[in-house]
Amino acid sequence: MLIGIDARFAVHKRRGIGNYTLKLIKNLAEIDIKNKYILYIDIEDRDNILPVKSNFKIQRIRPSNYLVWEQVMLPMRAKRDNVDILHCTGNTAPILLDNRIRLVVSIHDVMYLKKYSELPKSTSFYQRMGRLYRKTVVPKTISHLSMVLTVSEFSKNDIINNLRGIGGGRVRVVYEAANEVFGQVEKTTSLQKIKRKFNIEGRYILTLGAEDPRKNTDLVIKKFLDLKNENKIKEKLVIVGIPDWKHTKFYNIAQESKCKNDIIFTDFISEEDLVMLYNCASLFLYPSLYEGFGMPVLEAMACGVPVITSNVTSMPETAGDAAILINPRDSEELKGSILNLLNNEKLRDELIKKGLQQAKKFSWKRMAEETLKVYQMCFEKA
């Protein structure tokens with residue numbers, strides 16, 4: 001087979017989809033020497049992170065404009081290159097594609113098809129435009145899709161229920177995994193490093209924040225402040241991943257409180273820094289309203305930190321019985337779970353042990369193997 005992969009997200013600043021794309025490509029390069037691959041990108045691979053193998057070719061397509069690149073240039077190049085399979089890894093794909101090419105699309109979630117009564121509207125103009133683009137494009141690709149790959153049984157059911165014309169036979173669950181870098185490290189040295197780099201000293205609760213309302217950062221901060229004002233906890237709160245955080249409402253809430261020095265914000269950070277922050281945290285709090293998979297839950301577990309997460313969407317599937325699961329809209333349950341976990345050493349030890357085992361159940365190599373089977377199946381059906 002000649003397999004084309006939309007690899008744009010792998011060479012940009014990586015978060016969920018970019019990490020998934022890069023891990024897929026690297027593991028395919030390890031397990032497959034038989035088939036040939038073309039990796040389509042929109043900017044130079046300046047960090048040389050894409051594999052250099054005889055059966056892997058990198059092609060940069062211009063212009064880099066998202067819509068033009070995906071809807072015009074990518075299908076043209078895939079047809080010219082005579083690919084057998086085109087795998088689009090980031091939820092969307094070309095609406096028009098040569099009939100000979102089998103299209104595989106990774107749809108991580110369908111939150112963009114949800115009503116605002118279910119998931120609040122983002123304040124970010126970029127995120128709102130992305131939601132509109134996906135809402136327009138994805139339903140129009142259904143007719144010529146060979147297979148949808150998704151990351152959880154929850155997402156599979158969500159896709160089937162929200163996208164007309166696609167049945168379970170064309171949706172395959174292929175689980176992701178925590179990156180290999182996430183694991184337990186020596187804490188004394190890590191504590192010294194995070195004190196020096198982030199000015200964090202003493203015990204702290206870790207959460208990943210975002211302006212996207214579904215991440216529930218607003219509620220986390222308010223309930224943390226309640227616990228501090230009630231003198232029930234001594235821990236600080238560390239919120240990772242909010243760019244330009246000094247110009248957000250979250251920073252304003254913190255500054256207007258009596259505990260402003262107990263809330264520490266960071267922008268996006270490296271995986272190495274995140275590993276240290278996970279390892280040294282008293283607990284990891286992730287009460288998201290909606291997740292297709294919930295990767296941070298596995299990352300935290302692999303680092304040996306007890307986890308509190310949501311009992312909705314994919315989180316129970318990802319966390320298993322290795323985390324405290326709460327209603328993410330119930331502020332009192334959130335507060336009570338934090339207090340319980342901070343004060344119950346036996347529960348903490350139990351969750352840490354279970355979490356380490358839960359994280360081991362997921363594998364990027366297995367993800368690539370399952371994806372390769374899907375390519376082969378689509379190719380043979382043609």
Side-chain angles (χ1 to χ4, degrees), residues 1-108 130 133-134 136-138 140-142 144-151 174 176 364 367-368 370-376 378-379 382:
M1 294 180 288
L2 178 56
I3 301 158
I5 298 179
D6 178 352
R8 286 174 295 170
F9 306 100
V11 295
H12 284 261
K13 194 172 186 178
R14 284 177 304 282
R15 293 196 81 183
I17 292 174
N19 185 58
Y20 162 83
T21 305
L22 182 60
K23 286 297 180 182
L24 171 64
I25 291 168
K26 284 192 168 184
N27 280 274
L28 285 171
E30 291 296 321
I31 66 172
D32 189 10
I33 59 174
K34 177 182 177 182
N35 300 295
K36 294 182 179 180
Y37 293 83
I38 301 177
L39 308 179
Y40 296 112
I41 57 177
D42 60 348
I43 61 173
E44 290 182 27
D45 178 19
R46 294 188 180 92
D47 297 327
N48 297 314
I49 58 170
L50 296 176
V52 179
K53 293 285 186 77
S54 59
N55 60 328
F56 277 73
K57 180 181 179 182
I58 299 169
Q59 281 196 21
R60 182 182 176 188
I61 304 176
R62 295 180 175 89
S64 60
N65 175 276
Y66 194 107
L67 189 152
V68 175
W69 193 96
E70 182 169 83
Q71 296 301 327
V72 180
M73 304 308 298
L74 177 61
M76 286 175 56
R77 186 62 65 89
K79 180 179 179 180
R80 193 190 76 179
D81 292 336
N82 206 28
V83 302
D84 298 302
I85 305 285
L86 178 63
H87 183 183
C88 294
T89 59
N91 291 318
T92 55
I95 294 173
L96 300 175
L97 187 65
D98 186 271
N99 290 331
R100 192 195 60 79
I101 299 172
R102 275 73 92 200
L103 178 63
V104 176
V105 181
S106 294
I107 299 182
H108 303 262
Y133 178 74
R134 290 188 291 274
T136 303
V137 167
V138 174
K140 295 181 185 301
T141 65
I142 297 302
H144 60 277
L145 269 172
S146 292
M147 187 67 69
V148 169
L149 298 180
T150 194
V151 292
V174 181
E176 300 177 320
W364 285 118
M367 179 272 287
E370 292 296 319
T371 302
L372 183 56
K373 289 178 184 177
V374 169
Y375 296 160
Q376 190 68 46
C378 293
F379 181 71

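Basis for what follows: all heavy atoms, side chains included, without hydrogens, waters or symmetry-related copies.
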For [Y], does its backbone N or O pair with a side-chain atom of [X] as donor and acceptor, under 3.5 Å?
X	Y	result
N91	H108	yes
N19	K23	no
K79	D98	no
N55	D32	yes
N27	A368	no
T150	I107	yes
Q71	A93	yes

Nearest heavy-atom neighbours spanning [X] and [Y]:
X	Y	answer
M1	Q376	CE-OE1, 3.3 Å
V11	I49	CA-CD1, 4.2 Å
L96	P75	O-CB, 3.4 Å
I17	T89	CG2-O, 3.7 Å
P51	F56	CG-CD2, 4.0 Å

Should we say atom CG of L67 is surrounded by more than 12 heavy atoms from elsewhere, each under 6.0 Å from it?
-> yes
Taking atom [atom1] of [X] and atom [atom2] of [Y], what is their separation to the nearest 0.5 Å?
X	Y	atom1	atom2	result
I101	L86	CD1	CG	6.5 Å
H12	D45	NE2	CG	10.5 Å
I25	I3	CD1	CD1	11.5 Å
T141	I95	OG1	CD1	8.0 Å
F379	I85	CZ	CD1	7.5 Å
T21	I5	OG1	CD1	8.5 Å

Could you go through the side chain to side chain contact (heavy atoms under 4.5 Å, CB included) check for H87 and L24 one step at a time?
-> CA-CA 11 Å; H87 183 183; L24 171 64; 3.5 Å; yes
Steps toward side chain to side chain contact (heavy atoms under 4.5 Å, CB included) verdict (S106, T371) = CA-CA 10 Å; S106 294; T371 302; over 6 Å; no
Quick one: do R100 and D84 make a salt bridge, cutoff under 4.0 Å?
-> yes
Strictly by modelled atom types, are Y133 and T92 linked by a side-chain donor-acceptor pair under 3.5 Å?
-> no
Using a distance-only test with no angle check, is there a side-chain donor-acceptor pair under 3.5 angstrom linking N35 and Y375?
-> no
Output, in order, the C-alpha distance, side-chain angles, deciding distance and verdict of side chain to side chain contact (heavy atoms under 4.5 Å, CB included) for M73 and Y40.
-> CA-CA 10 Å; M73 304 308 298; Y40 296 112; over 6 Å; no
